[in-house]
Each structure stands twice: as C-alpha cells, then as structure tokens.
Amino acid sequence: MNAWADWDHIVKVDPDKTLPEGVTYEDVCATGTDAIAVGGTMGVTEEKMARVVDACATYDVPVYIEPSGTSVVVHDDGLDGYLIPVVFNAGDVAWITGAHKEWARLDHDIDWDRTFTEAYIVLNEDSSVATYTEADCDLDPDAVAAYATVAERMFGQDIVYIEYSGTLGDTAHVAAAHDALDEATLFYGGGVHDYDSAHTMGQHADVVVVGDLVHDEGIDAVEATVRGVRDAKQVPQ
Ligand SMILES: CC(C)=CCC/C(C)=C/CC/C(C)=C/CC/C(C)=C/COP(=O)(O)OP(=O)(O)O
Ligand SMILES: O=P(O)(O)OC[C@@H](O)CO
Ligand SMILES: [Mg+2]
C-alpha cells in the first residue's frame, strides 16, 4: 500500500521561506501532520532544500522532497521519498515530461523505489506555479474531472493534486476530481488557513496540504488545520 493512502494532512515547507520567531522544525514535525513535503516554486536551491531536509529528517514524521526542477533534488538517507510533480495542464511540456527526461538523463542516483509522481492540476492563475508552468487554469469542474480521469486511467497516476497555491479553491472543482477517481488519492492544497477551511476541503479531498500557513502563522494555526481535516474524516461521506 502506498504510504499516502493513510494520510489526511501534509505540511509543505518552502525552503525559501523562514519559520515564525520561536518556531522550530521539530515543532512543525510535531503538529500531528502525517508527512512533511519540502518544496516551493521560486527561490529554492539545493542548499536550502538540504538544510530543511536535514532539520526535519531526525523526527518521526515522514519527509519527502517535492522538487521544482532537476537542480534542487537532494539525496539523503533520511528522506522517505521523492514526490515529482507532473503538471497535467501545463502549457509548456517541460513540466510534463521535459524536466523529467533531463533528470533521468543527468542524475544517476535516482532511487526509483522511493520516487513517486503527483499529477498536478494547477488552478490558481495568480500563483507562481501557474506562471512558471504556463498552466491553463481556465477549467470548469468537468474539465478538472476529465484531467483526473486521464491521470488515473491513462497515465496510471496514484496521486492527483488539485493545486490552488495561495488561495482557497472552489469545492466544486475538488469534488469533481474526487468523484472522477477510483483508487488514486486526491491531494488538495491552497489557502487552507484555519479549522473551517481545513474541514471543508477535508470533506472533498483525501489529503489536505498546508503550505504558507506554517511560515506566516506558525504551529497553533497548523494544528487547527490538522484537527479540521481529521474531524471531516470522522463523518461518513
Ligand atoms: C523532474 C524533476 C526533478 C522536477 C520536475 C518538477 C516540475 C514538473 C515542476 C513544476 C511544478 C512545480 C514548480 C512544483 C513545485 C511544487 C509546488 C507546486 C510548490 C508550490 O509553489 P508555490 O506556492 O506556487 O510557489 P512559491 O511559494 O514559491 O510562490
Ligand atoms: O501555501 P498554500 O496556499 O497553503 O498552498 C499549499 C500548497 O498546495 C502549495 O503547493
Ligand atoms: Mg507557496
């Protein structure tokens, strides 16, 4: 079974951002989240990535990197795995297979047993990831559902990721993706900032990803989102 089949919540730590005063990576790992993903679109370097991985790898929570390109991949025995984005609605094929081809060509240390892909559907046109990948964000719920189906049925993806980085998304789009999937796990990320927003997205997605909140607000706020998602999962759907 894939590790993420049991997850409800991920904290995504951006190596280009700092933690609030007094907050440590140990605190972040102890929020009750199921996994730490380390990654961001802008300003990430191998050194910054390595620093965060080192800081998190000694605690009990699983740690994955989510690289934004070939040059920021770090290999570390403390890593549980590599989550490699594949942006299904990218405008530039570099973000569908191009960077992946370059990685396979250049990196001779890829550990395929710990390497997993995430089928991203990027929906916030104002996010850096949308600009970077030239994503077509003008998608209605039907189109999102179709991308989710293509990802699972035609490309064998185990993870579909609805990405609204920076803003809380439309639940109709998340629900449509969820309905379209059979076995694949649906990740949702973007704008989750409190118990209620986590509870709402937890009703539609299998796993809720919280990013900026850990950098902007800190531990109590992240813990509230863990509670929100877990409470949503208690209610039969
Ligand atoms: C083949 C390899 C090793 C990598 C390819 C990676 C790909 C396809 C990257 C494209 C999508 C991307 C940039 C993913 C990184 C993870 C992500 C979506 C982070 C969220 O970034 P934002 O929150 O939008 O960015 P900032 O916080 O930096 O503004
Ligand atoms: O930073 P936020 O808006 O929480 O988004 C989380 C994550 O989906 C970003 O990749
Ligand atoms: Mg971000």
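Worth knowing before you read on, the calculation uses all heavy atoms, side chains too, and leaves out hydrogens, waters and symmetry mates. Along the sequence shown, residues are numbered consecutively beginning with 1. Numbering of ligands and ligand atoms starts at 1, following listing order.
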query: Aromatic rings W7 and Y64: how do their planes relate, parallel, tilted or perpendicular, breaks at 30° and 60°?
result: perpendicular
field: Sub-4.5 Å side-chain heavy-atom contact between D206 and F187
entry: no
task: Output yes when D111 and R114 qualify as a salt bridge under the 4.0 Å nitrogen-oxygen rule, no when they do not.
output: yes
Salt bridge K48-D16, side-chain N to carboxylate O under 4.0 Å: yes
Residue [X] vicinity, atoms of ligand 1 by number, heavy atom under 4.0 Å:
X: A99; answer: 1 (C), 5 (C)
X: S165; answer: 22 (P), 23 (O), 24 (O)
X: G40; answer: 19 (C)
X: S128; answer: 24 (O), 25 (O), 26 (P), 29 (O)

- prompt: Closest non-hydrogen protein atom to atom 4 (O) of ligand 2, residue and atom name please, with distance?
  reply: G211 N, 2.9 Å
task: Could you check atom 9 (C) of ligand 2 against the protein and tell me its nearest heavy-atom contact, residue, atom and distance included?
output: E163 OE2, 3.4 Å
Which of the atoms in ligand 2, numbered in the order shown and given with their element, are less than 4.0 Å from a heavy-atom of [X]?
X: G191; value: 2 (P), 3 (O), 4 (O)
X: G189; value: 8 (O)
X: G166; value: 2 (P), 3 (O)

task: With sequence neighbours left out, write down each residue that passes side chain to side chain contact (heavy atoms under 4.5 Å, CB included) with L168, or none if nothing qualifies.
output: Y188, V192, S197, M201
- prompt: Which residues satisfy the side chain to side chain contact (heavy atoms under 4.5 Å, CB included) test with D27, sequence neighbours excluded?
  reply: V23, T24, I219
field: Any Y82 heavy atom less than 4.0 Å to ligand 1
entry: no
- request: From atom 14 (C) of ligand 1, work out which of P85, G166, S127 has a heavy atom at the shortest distance.
  value: P85
message: Looking at non-hydrogen atoms alone, which of T225, D212, L213, V122 comes nearest to atom 1 (O) of ligand 2?
response: D212
message: Under 4.0 Å, counting heavy atoms only: does Y161 come that close to any atom of ligand 2?
response: yes
message: Checking side-chain polar atoms at under 3.5 Å, does H9 have a donor or acceptor matched by the opposite partner on T225?
response: yes
